[in-house]
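Notes follow once the structure below has been shown.
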Amino acid sequence: MAYSSKVRISIAVSPELNERIESMAKRMGMSKATLCSVLVSQQIDTFEKTWEMLGNPELMGKMLSAFAPNVDKETFAKNYDAQNEKEKKEK
């Protein structure tokens, strides 16, 4: 997906993660910003596709337990339901 404009975001990471990002970016021949953008975009795409395929908050909660164990499942379920309602109203 190509975008005509960009928005800058800023995140805080541990020194250890920063070193890992720098190392990986160097090995891949890209800047840290480009690598982070690629990784974030890929993860967002993965979550969106999974939501579309599963369409089931309970199964999504199980997936999150495996891939993002720090996510609060109740908060996720409420947000998921709210997003689904919003999308239904927009259609």
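Just so it is clear, the values below take in all heavy atoms, side chains as well, and ignore hydrogens, waters and symmetry mates.
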- Item | Under the side chain to side chain contact (heavy atoms under 4.5 Å, CB included) test, residues paired with S37 that sit two or more places apart | S41
- Message: Could you work out, with side-chain hydrogen bond (donor to acceptor under 3.5 Å, both in side chains) as the rule, every residue matching T46, not counting sequence neighbours?
- Response: none
- Message: Can you list everything that forms a side chain to side chain contact (heavy atoms under 4.5 Å, CB included) with R27? Sequence neighbours excluded, please.
- Response: S23, M24
- Besides V7, the hydrophobic cluster formed by Ile, Leu, Val, Met, Phe, Trp and Tyr side chains linked at under 4.5 Å, directly or via other members, contains none
- Using a cut-off of 6.0 Å, state whether more than 12 heavy atoms not belonging to M28 lie near its atom CE. no
- Item | I44: partners by side chain to side chain contact (heavy atoms under 4.5 Å, CB included), with sequence neighbours left out | V40, E48
- For I21, what residues pass the side chain to side chain contact (heavy atoms under 4.5 Å, CB included) criterion, not counting sequence neighbours? L17, K32, L35, C36
